[in-house]
Amino acid sequence: LLPMYGILSIDVSTAVLTIAPLFFFHIPQPRNQTTGTAGGVPLWEDVREGLRYVWGWPGLLAVLVMATVINFLFNPAFSLMPILVTNHFGGQATELGWIESAWGIGVVAGGLTLGVWGGFRRRVWTSLSGLVGMGLGTLCIGLLPATAFGLALGAMFFAGFMNPITNGPLIAVLQAKVAPDMQGRVFTVIQSAATAISPLSMLIAGPVADWLDVRVWYVVAGTVCVLMAIGAAFVPVIVHLEDNHSQYATAAPVKVADE
């Protein structure tokens, strides 16, 4: 329906909508405990402090490992989606657009549902339930026959729906438990570690898809996610993530601003 520049303009427009509120809302700048000022610490010192914080929180360290594995498996799955649509389901650009949209609509619907529902009292159970759902949806996509594209759309919607159910509660835990002056460093370390594995996974996924068929990657990704979520339910440091937070989170309150 749109030329390429029209599609790219959607990205620019949504970026403007995201950035614009920052001009109207005050974002607190916590003072650094070391320098007593906002900022003023070298980048590598910040990274080291973030790593130290994560290392001192056993449950968060375990979740970081899980997030790295999930990104290793899921990022190539989406990059291989055009091959899945054309080679297996026999579709073209329209079918690829539908299956990508199914994921996006599912993410929005899942986020709205989580916002209304709020999740289980212990947030980790919500995240693990979402991870099982993501895994099952991805597994179904890999197992469906070529004639079941409609079911693949439903499975993709379901996996997308479960994405915010998985991620939202964990982000809420970090926002509630991580010391204010450490949140930027901790989030940076977590996101960097979880996404740094993507280039390696892409190098492996391409040959695997050529060798074993592209659907194998979806089957493996879905199965590993389901098993990992079930296994995590029996790991105390993960189940009690909100209770065994880093010793640094219990440090003296950080002075955000002068009275």
Side-chain angles (χ1 to χ4, degrees), residues 5-54 56-57 59-60 63-64 67 70-71 100-101 103-124 126-127 130 160-196 198 241-242 245-246 248-259:
Y5 64 82
I7 296 172
L8 294 178
S9 68
I10 296 175
D11 231 7
V12 176
S13 301
T14 52
V16 171
L17 289 175
T18 305
I19 296 170
L22 298 177
F23 291 102
F24 305 99
F25 293 95
H26 172 67
I27 307 299
Q29 301 297 316
R31 293 182 182 273
N32 186 276
Q33 292 184 3
T34 303
T35 65
T37 62
V41 176
L43 173 63
W44 289 113
E45 181 68 21
D46 277 346
V47 172
R48 191 184 73 170
E49 286 298 313
L51 287 170
R52 183 184 177 198
Y53 193 101
V54 172
W57 188 345
L60 181 58
V63 169
L64 176 58
I70 292 170
N71 276 5
E100 295 278 7
S101 297
W103 167 269
I105 295 170
V107 169
V108 174
L112 292 174
T113 301
L114 181 63
V116 174
W117 169 39
F120 300 118
R121 184 183 64 82
R122 190 171 288 278
R123 295 185 179 100
V124 171
T126 308
S127 290
F161 183 92
M162 288 298 178
N163 180 267
I165 305 295
T166 303
N167 294 323
L170 292 177
I171 295 174
V173 169
L174 297 182
Q175 291 175 331
K177 298 296 184 179
V178 174
D181 71 320
M182 289 297 299
Q183 286 192 6
R185 280 168 275 190
V186 169
F187 274 108
T188 298
V189 167
I190 293 173
Q191 293 175 2
S192 298
T195 56
S198 297
L241 176 67
E242 299 173 66
H245 53 82
S246 173
Y248 302 105
T250 60
V254 180
K255 186 179 182 181
V256 176
D258 292 323
E259 293 294 339

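Note that these values count all heavy atoms, side chains included, but never hydrogens, waters or copies made by symmetry.
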Criterion side-chain contact (heavy atoms from CB on, under 4.5 Å) on I190 and V63, from CA distance to verdict: CA-CA 9 Å; I190 293 173; V63 169; over 6 Å; no
Minimum-distance pair of heavy atoms, taken over all atoms of K177 and Y53: O-OH, 3.7 Å
Straight-line distance of R122 CZ to E242 CD, nearest 0.5 Å: 6.0 Å
Closest approach of L64 to A193 (non-hydrogen atoms, all atoms of both residues): CD1-CB, 3.8 Å
Can you tell if the side chain of W117 reaches within under 4.5 Å of the side chain of T126, non-hydrogen atoms only? yes
Over all heavy atoms of both residues, which pair between Q175 and Q183 is shortest? Give the atoms and the distance, please. O-NE2, 3.0 Å
Listed pairs under 3.5 Å, donor-acceptor, residues 165-174 side chains, sequence neighbours left out:
residue, atom, partner, partner atom, Å
T166, OG1, G130, O, 3.2
T166, OG1, L131, N, 3.0
T166, OG1, M162, O, 2.9
N167, ND2, N163, O, 3.4
N167, ND2, N163, OD1, 3.4

Measure the CD1-CD distance between I105 and E100 for me, rounded to the nearest 0.5 Å. 12.0 Å
Quick one: do V178 and F187 satisfy side-chain contact (heavy atoms from CB on, under 4.5 Å)? Show the steps, please. CA-CA 10 Å; V178 174; F187 274 108; over 6 Å; no
For residues P164 and G111, report the shortest heavy-atom separation together with the two atoms involved. CG-N, 3.3 Å
